[in-house]
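See below for the structure under consideration.
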Amino acid sequence: MSSQEQLLEGLNGPQHEAVTHGGGPLLIVAGAGSGKTRVLTHRIAYLMAARGVRPGEILAITFTNKAAAEMRERISALLGARAAASMWTMTFHSACVRILRREAHRLGYPSGFTIYDSADSARLMQLVCKEMDLDPKRFPPKSFSAQISNLKNELVDYDTFAEQAQTEQEKKLAEAYKLYQRRLHEAGAMDFDDLIMVTVNLLQMFPDVAEHYRRRFRHVMVDEYQDTNHAQYVFIRRLVGVESDPDTAVVPPSELCVVGDADQSIYAFRGATIRNILEFERDFPNARTILLEQNYRSTQTILSAANAVIERNEGRPAKNLWSEQGQGTPIVGYVADNEHDEAAFVVGEIDQLTDDGSITPSQVAVFYRTNAQSRVFEDVFIRMGLPYKIVGGVRFYERKEIRDILAYLRVLANPEDTVSLRRILNVPKRGIGARAEESLELFAARERITFARALRRVDEVPAMATRSVNAVRNFTALLDELAAGVPGSTPSQIVEMVLAKTGYLSELTESKDIQDESRVENLEEFVDVAREFENTFSALLEDEAALEGEEGPGTVEEAEPTLVDFLERISLVADTDQLPDADAEGGVVTLMTLHSAKGLEFPVVFLTGLEDGVFPHMRTLGDKTQLEEERRLAYVGLTRAERLLYVSRAAVRSAWGSPSYNPASRFLDEIPPSLVDWRRGEATVLSAPPGRGIGGARRGSGFGGEGFGGTFGSRKTTARTTEAPSLSVGDLVNHDSFGMGRVQLVEGSGDKTKARVDFGADIGEKDFLVKYAPIEKL
DNA sequence: GTCATGGCAACATCA
DNA sequence: TTGCCATGAC
């Protein structure tokens, strides 16, 4: 059998057509689990095997790094690592950055421009609003940031917006937009939305650039097309070219192939429009549409549930997903009293499944709506000793110490980066306080120079204390010293240098605060991350350079990764290494938000927190459009499951401190009752307590036999009860989060009674207000 | 200028 | 519950 035949083997009719289609634009409407990644990767392989396309001519765009990594892996399996490396398989943002690094100088940006994430851009907006003397109550910087993000997604620049601004709000917004953009440009920085918008501008303003990339990418594929926003749509259109455009005459349009499913559109909040997929045939004349309706992933039970839910959305094109897998096992339902109980149920169930040996932890995933919900699961997983991995959530790169060091690195890569510069100005403390910073800012504004330049001219800043002037001088001297150490050093060496010379590390190691110990560990890990990056990066570059000599001067001897490369990786690939490692023995259970779950599949899925107010989220309840997006999110969640699906909810859930009583999610009601086997159909606590506390709802956990099930969360409501346990020194207690401990000290009386409890070497001693702490006397 | 304290608001979802 | 900011003592 030829390799071409092998590529087509086992494909169903529509899949076969999608893989072999040539010529005009192609839309593949791929229902959940219909094998779209298979089609995409086989199409790529087919292009090369049957049609002589070179890997360098292919651009495959995905939405997440996870998806990009998976696709690269599969291509690598089909075609070998070299072919995979010389193809562009990446997210919109990464692809745009790569183009921008080469071309942004045309628009006055340095090629090593800094990428601001949401936190950085929020900070910059804060500075802008302060500069404009705006009342933060009337004009919240956050809302400005969000609105500007939306405008950029629609490719509306500040001048255009200023023209149509009517209200005072809009006028101020237009002004802030303009100033924000100016500050970004001066700082040599772009925010996430700029990455797309500026690339589009570039392609529009410089036809030769558009031509260059159109010549290079003769085949463009876009995954998750239903999640593209307007800016991304225009980017694709510009890149591919359309027959009717005059400037495409030189190079004929490239072959475009997009894949998507309107039912899985879950990113409207960041500007995605289903319009792009619905109007594809109008946008791209001569387009062909192929439907993939056979599902290979799930049992019919799971599909029926998902179909029943998604059918509630109005005005969607009908789709007929079907499976040959048979009914399978009924969906398991569980109503917990509270979120601890829910987590205990999930963990207990996983424990049983893995005990039989029928399931390994890596085959199991737990989904929730918001990241905040992961904490309880984490607690219980730790306590039960079950291995797990949280995808997303409180990210490594969002920790204070990491961001501080990152800010140093960014300033070294780009000295004009104001946001980062101001972050490190007085970190660690060096006597440049708010007062001095303000004087510098004022001076910079008056002289119309950047903050970085103002620093260099401290002597001229009026009303500056001599002490501050000296402190600033020392600071700039430090920066110069660090900068001198950059050439010839690898990213990890630079990180180590920064840690040492700034005194950041020694400040932490000398500190007595226990938190600072883990900060030091995180920084050590950060150095490892840098080293790891150097290793993988060099390997990748060498491969690529070997394969495409014509593309730029990226020869092998230049394969050393630069600081800019490293920073870019961190900004764009925040979830590196977060994909569960399927190769590891048994592996770990994966915990993630529903949004992260898109595109993945697991034999066993727990869909948790199915409560109105949690999922669907509180803020969507009043808005039909948003509610429909939540329903699509539910559809995505349900269709991730292959064989076993669990749905659960908690009757009571504490939301920042106080308990909230949520009714069952409407999505739960939309699943046909005949498909669900309710393991526990009702909570002990049905609704908000009238006058009585719900402390009476205590039971043992009933799972795993450990007795640490953590079902005592309802003690959080004891504000209305009086039953605080009376403790004395030496008592053995059980704490919801910390487990078993012994009372060391009791002081105070009545409501103010405090206890000090020792939880053993791992956790140490903790102080509690007995009345409020989730403690039980044993 | 730095540190400690207390009030107040935030938890969407991602690159 | 956490994290940010304003406030006030040193």
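So that the names make sense, note that chain A is the first sequence line, chain B the second, and so on, each numbered from 1.
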From the list [options], which nucleotide is the closest neighbour of the side chain of [X]?
X: A:K429; options: B:dC14, B:dT2, C:dC5; answer: B:dT2
X: A:R270; options: C:dT1, B:dA15, B:dT13; answer: B:dA15
X: A:R375; options: B:dC14, C:dT1, B:dT13; answer: C:dT1
X: A:F192; options: B:dC11, B:dC14, B:dA15; answer: B:dA15

What integer distance in Å separates [X]:[atom1] from [N]:[atom2]?
X: A:R632; N: B:dT13; atom1: CZ; atom2: P; value: 18 Å
X: A:K137; N: B:dC8; atom1: NZ; atom2: C1'; value: 10 Å
X: A:E224; N: B:dC14; atom1: CD; atom2: P; value: 14 Å
X: A:K400; N: C:dC4; atom1: NZ; atom2: C1'; value: 13 Å
X: A:L567; N: B:dA15; atom1: CG; atom2: C1'; value: 16 Å
X: A:L425; N: B:dG1; atom1: CG; atom2: P; value: 11 Å
X: A:Q264; N: B:dT13; atom1: CD; atom2: P; value: 20 Å
X: A:M464; N: B:dG1; atom1: CE; atom2: P; value: 9 Å

Side-chain N or O of [X] less than 4.0 angstrom from OP1 or OP2 on [N]?
X: A:N65; N: B:dC14; value: no
X: A:T593; N: B:dC14; value: yes
X: A:N371; N: B:dT13; value: yes
X: A:Q126; N: C:dC5; value: yes
X: A:S654; N: C:dT1; value: no

Please determine whether a side-chain nitrogen of the Lys or Arg among [X] and [Y] lies less than 4.0 Å from a carboxylate oxygen of the Asp or Glu.
X: A:R375; Y: A:E378; value: no
X: A:R369; Y: A:E630; value: yes
X: A:D120; Y: A:R410; value: yes
X: A:D117; Y: A:R403; value: yes

Next item on the list: Identify the heavy atoms of A:V366 and A:F381 that sit nearest to each other, and give their distance.
Entry: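 Scanning both residues, the minimum pair turns out to be CG2-CZ, 4.4 Å.
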Check: Closest heavy-atom contact between A:T91 and A:T64?
Finding: CG2-C, 3.5 Å
Note to self: If we check ring-ring contact (aromatic ring centres under 6.0 Å, His included) with A:H595, which of these qualifies: A:F615, A:F367, A:F63, A:Y267?
What the structure shows: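 So the option named by the test is A:Y267.
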Margin query: Does A:R275 qualify as a cation-pi partner of A:Y233, given the criterion of NZ or CZ under 6.0 Å from the six-membered ring centre and within 45 degrees of its axis?
Written below: yes
Item checked: Contact list for DNA chain B against residues 89-96 of chain A - heavy-atom distance below 4.0 Å ->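 Hits under 4.0 Å, by residue number: A:T91, A:H93.
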Next item on the list: Under the salt bridge (Lys or Arg N to Asp or Glu O under 4.0 Å) rule, collect the residues that match up with A:D623, sequence neighbours excluded.
Entry: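 Once residues adjacent in sequence are excluded, A:D623 has no partner under the salt bridge (Lys or Arg N to Asp or Glu O under 4.0 Å) criterion.
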Checklist line | Spacing of the P atoms in C:dC4 and B:dT13 (rounded, Å) | finding: 16 Å
Identify whether any heavy atom of [X] sits under 4.0 Å from a base atom; if not, whether one sits that close to sugar-phosphate; answer base, sugar-phosphate or nothing.
X: A:D117; answer: nothing
X: A:Q626; answer: base
X: A:K142; answer: sugar-phosphate

Check: Mapping A:F63 and A:R430 to their closest nucleotides on DNA chain B, which lands nearer the 5' end?
Finding: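 Whichever sits nearer the 5' end wins; that is A:R430.
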Check: Quick one: on DNA chain B, does A:R435 or A:F269 contact a more 5' nucleotide (nearest heavy atom)?
Finding: A:R435
Next item on the list: Using the six-membered ring wherever Trp is involved, compare the ring planes of A:F566 and A:F533 and label them parallel, tilted or perpendicular (cut-offs 30° and 60°).
Entry: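 It falls in the tilted class, 30° to 60°.
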Protein-nucleic acid N or O pairs under 3.5 Å, nucleotides 4-7 of chain B:
none

Notebook entry, point to check: Does the aromatic ring of A:Y267 sit over the six-membered base ring of B:dC14, closer than 5.5 Å centre to centre and tilted less than 30°?
Noted result: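 A:Y267 vs B:dC14: stacking no.
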Checklist line | Distance-only donor-acceptor test, A:R369 side-chain atoms vs B:dT13 base atoms, 3.5 Å | finding: yes
Check: Within a reach of under 6.0 Å around CE of A:M618, are more than 12 heavy atoms found that belong to other residues, nucleotides or ligands?
Finding: no
